Amino acid sequence: MSQSSEASGESSIDQTEEPQAIDDIRRSQHWPPSSLYVVATPIGNRHDISSRALQVLQAVDLIAAEDTRHSSVLTGHFTIDTPMIACHDHNEAAACKTVLERLATGQCVALISDAGTPLISDPGYRIVKTVRENGYQVVPVPGACALICALSASGLPTDRFSFEGFLPAKSEARQKRLQSLADAYRTLVFYEAPHRIVATLQAMELAFGGGREAVFARELTKRYETIMDGTLAQLAERVAADRNQQRGEMVILVRGAGADEEEKSALEQEAERVLKILLADLPAKQAATLAVQLTGLKKNYLYQRAIELSSQS
Ligand code: SAM
C-alpha cells in the first residue's frame, strides 16, 4: 500500500485578476447569443479555474449558482460582478423559468455549482434539458471534476470506467447496489461522504472481496490531498484506524472484476454458437477447422470444445 505526499497546493491565491472588458471578451471568442454556459469551477484549489471560465462568468448577463453565497467568494476573488440567482434542487423549476426568460431576450446565462462540473452529482440537469428542449444552445466550459481528477492519478485502468456517484445511504440498499457491481469488468468510481466512509469501505470489502485493488482519493487539489492505494481490506483498515482519513471530500475507485474475463467469455459464447451450427452437418474435426476461420480462436480449444459438444448431443 502506498500513499502520496500530502499538501499539493493551497486553496487560495494572493493577487486578484483584472476583469477584461466584456466587449473584448465577446470579440475574442465565439459568443452565440441566447446561450446557457455550463461552467466548471475548482474542487479546492482556486488556480484550477480556466481563463475561459473566468471570461464567461464576467461576460454573461446572469449566473445561476447552486449557492450564491458560496459562489460569491469565488467571483469576488476574481472581481466578477455579474448578477447571480440561486439554482438548486429545491428551486430548479423557478430558476429554469428565469433562465428561459433571459435566453428569450437574447441574453446569456452561466450555470455553476459549488464545486467542479455542474450536473455531476450536482444540480442543473433539469435546466440543461429544458434549455435544449426549447431550442437554445448549451455551451460547456470544461474544468475540474473530482471523479476525473481522481481517476487520472489512480493508476487504475481508465480505458473503461463507470461513475457510480453516491451509494444509497441505507446499508441494505447499499449492499445490494454493490453486489450488482461485483462482476463489472470496468473501473468503478464512487463519491462518498466522510461520515459513511468507514462503513462503505467495509461494505465494498464484503461485496467485492478484501483482495480487490482500490484507490482512496481525498481532498484532491487541497492542502491535505491524499491518494492511497491498496486492497479493499487494507484501505478499510487504514481509514478506520485514522480519523484524519475520515475528514474532507473523498472519491473511492475500485478495479473492475477483470476485463479479460468478460471478453473471453463473450468469445467463448460465440465459439459455442458457431460450433453448434457446424456440428449439425459436420464431424468435430471439420467443424473445428471452419470455426477457427470464423472466430479466430485457437484450433486446439475449438476441437476440444467440438468433441465435448458432440458427446453431449
Ligand atoms: N460536481 C462535483 C464534481 O465535478 O466532482 C461533485 C459535487 S458532489 C456534491 C461532492 C462530492 O464530490 C464529494 O462528496 C466528494 O465525493 C467529491 N469531491 C468533490 N471535491 C473533491 C475533492 N477535492 N477531493 C475528493 N473528492 C471530492
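Side chains included, hydrogens not; waters and symmetry mates left out as well; all remaining heavy atoms used. Just so we're clear, the structure is a prediction, and the values are computed from it rather than from any experiment. First listed ligand is number 1; within each ligand, the first listed atom is number 1.
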- Is it the side chain, the backbone, both or neither of Asp122 that has a heavy atom closer than 4.0 Å to ligand 1? side chain

- Task: Would you mind checking which non-hydrogen protein atom is closest to atom 22 (C) of ligand 1, with the distance to 0.1 Å?
- Result: Leu220 N, 3.6 Å

- Pick one of side chain, backbone, both or neither for how Met250 approaches ligand 1, counting any non-hydrogen atom pair under 4.0 Å. backbone

- OG1 (Thr98) and CD1 (Ile127) are apart, to the nearest 0.5 Å, by 8.5 Å

- Check whether more than 12 heavy atoms from other residues, nucleotides or ligands sit under 6.0 Å from atom CZ of Arg52, and answer yes or no. yes

- Note on the structure: The closest protein heavy-atom partner of atom 18 (N) of ligand 1 is Ala146 CB, 3.4 Å

- Query: In the protein, what heavy atom is nearest to atom 5 (O) of ligand 1, and what distance, to one decimal place, separates them?
  - Reply: Tyr191 OH, 2.6 Å

- Query: Mind checking whether Ser121 has an N or O less than 3.5 Å away from an N or O of ligand 1?
  - Reply: no

- Item | Note: Glu133-Lys129 ion pair, threshold 4.0 Å (strictly below) | yes

- Crowding at CD, Glu272 (>12 non-hydrogen neighbours, <6.0 Å): yes

- Message: Assess whether a salt bridge exists between Glu219 and Arg223, defined as any Lys/Arg side-chain N lying under 4.0 Å from an Asp/Glu carboxylate O.
- Response: no

- Item | Name of the residue among Ser34, Pro32, Cys108, Pro33 meeting side-chain contact (heavy atoms from CB on, under 4.5 Å) with Gln137 | Pro32

- Does at least one non-hydrogen atom of Phe190 fall below 4.0 angstrom from an atom of ligand 1? no

- Query: For ligand 1, is Ala115 a contact, meaning one of its heavy atoms is under 4.0 Å away?
  - Reply: yes

- N-O pairing of Arg273 and Glu268 below 4.0 Å: no

- Sub-3.5 Å N/O-N/O distance, Gly116 and ligand 1: no

- Note on the structure: among protein heavy atoms, the one nearest atom 20 (N) of ligand 1 is Glu249 OE1, 3.4 Å

- Task: Please identify which atoms of ligand 1 are closer than 4.0 Å to at least one heavy atom of Val251.
- Result: 25 (C), 26 (N)

- Message: Ignoring hydrogens, what is the shortest heavy-atom contact between Leu302 and Leu275? Give both atom names and the distance.
- Response: O-CD1, 3.8 Å

- What residue and heavy atom of the protein are closest to atom 4 (O) of ligand 1, and at what distance? Thr117 N, 2.9 Å

- Message: Taking a cutoff of less than 4.0 Å between a non-hydrogen atom of the residue and any ligand atom, is Thr221 in contact with ligand 1?
- Response: no

- State yes or no: are the ring centers of Phe190 and Phe163 separated by less than 6.0 Å? no

- Ligand-residue contact atoms, ligand 1 with Phe166, heavy atoms, under 4.0 Å: 11 (C), 14 (O)

- Identify which of Ile120, Asp114, Asn45, Ile43 has a heavy atom lying nearest to atom 6 (C) of ligand 1. Ile120

- Task: Pull out every atom of ligand 1 sitting under 4.0 Å from any heavy atom of Glu192, numbered as shown with elements.
- Result: 14 (O), 16 (O)

- Hey, is Glu249 close enough to Arg218 for a salt bridge, meaning N to O under 4.0 Å? no

- Item | Interfacing atoms of ligand 1 (cut-off 4.0 Å, heavy-atom, Lys222) | 23 (N)

- Message: Within the 4.5 Å heavy-atom criterion, are Ile197 and Arg247 side-chain neighbours or not?
- Response: no

- Query: Are any of the N/O atoms in Leu147 less than 3.5 Å from those in ligand 1?
  - Reply: no

